[in-house]
Amino acid sequence: MGLHLPKTARRLGVVALLGFSLLMLAGCSQETQDQASRFAMPADSPATIQGQHIADLWKWSWVAALATGIVVWGLIFFVVWRYRRRSDDEIPVQTRYNLPLEIFYTIAPIIMVVVLFQHTVLAQNAVLKLEDNPDHVVKVVGQQWTWTFNYMDEDVADGQVVYSAGTARDIPTLVLVEGQTVEFQLSSPDVIHSFWIPAFLMKMDVVPGRNNRFQVTPNQIGEFKGKCTELCGVYHSRMLFNVEVVSQADFDQYLRDQIAKGYVSDEPLLGGDDATTLTGLSDSEGGSE
Ligand SMILES: [Cu+2]
């Protein structure tokens, strides 16, 4: 015999549960609620042309998951309702070895995995595609615990390299040109870091001894945030940087300003012995310049 609660008690229970759930939801911040309403997808469209492939994959994966969810939930609730306990207490027909059904629920997940896999590979190929002659090349160095950006554009500063490096106190800024393809060549002199600009919907590990690279074409002028997304030591959380996407004229002016400030070098700064930034472990504020 099951648990026999009076009807009013059960109803009270349901109302209490509903009230509790509403109270919990009301506790969420506006931001969390906004995120929930768009299934945690970014509010803004991707800031690069390549990012659109990731956004599409993300969106359609949600659609596929929801469609599957609706079918599964539908079947669950149908069965719960259709075969609920009745007053006559009759046991429903017991079925075993339903071959068509078993074939269906073996094949359906395989098809879903194959389709998701195919679209993932297509999106991955699109975002990892490398053009032979990108408009710009930036050698990105992730080092404990900041970033250095070497602008490898050949026609600036008599063949020298303009760079921008973070210090223990100031985070560096990466400047890119709207509508032009830039290749990031990632290197690390110490441990594994990861180069992430959330608005670009793209990140890639920065691995010592490996030259990882990818290209993006920023499609909107603006300021974005970048960060290290691989736990790389005590000051990992400080490995932040700013990204500014500007016009060609502003970019040229930026390079001239960097040259005027003396941020030029014969060779790109690749960290290690060349590192211009060291965060002093002994200094709780980090750094001692
Ligand atoms: Cu890092």
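Numbering of ligands and ligand atoms starts at 1, following listing order. Since we're looking at a predicted model, the values are computed, not measured.
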Asp190 side chain to Gln143 side chain, donor-acceptor N/O pair below 3.5 angstrom: no
Exercise: do Asn219 and Thr48 side chains pair donor with acceptor under 3.5 Å: no
His193, N/O/S atom nearest the Cu ion (ligand 1): ND1
Check: Val161 and Val264 side chains under 4.5 Å, non-hydrogen atoms: no
Presence of N, O or S from Ser194 under 2.8 Å of the Cu ion (ligand 1): no
Geometric class of the Trp145/Tyr235 ring pair [parallel <30°, tilted 30-60°, perpendicular >60°]: perpendicular
Opening angle between SG in Cys232 and SG in Cys228, taken at the Cu ion (ligand 1), to 10 degrees: 120°
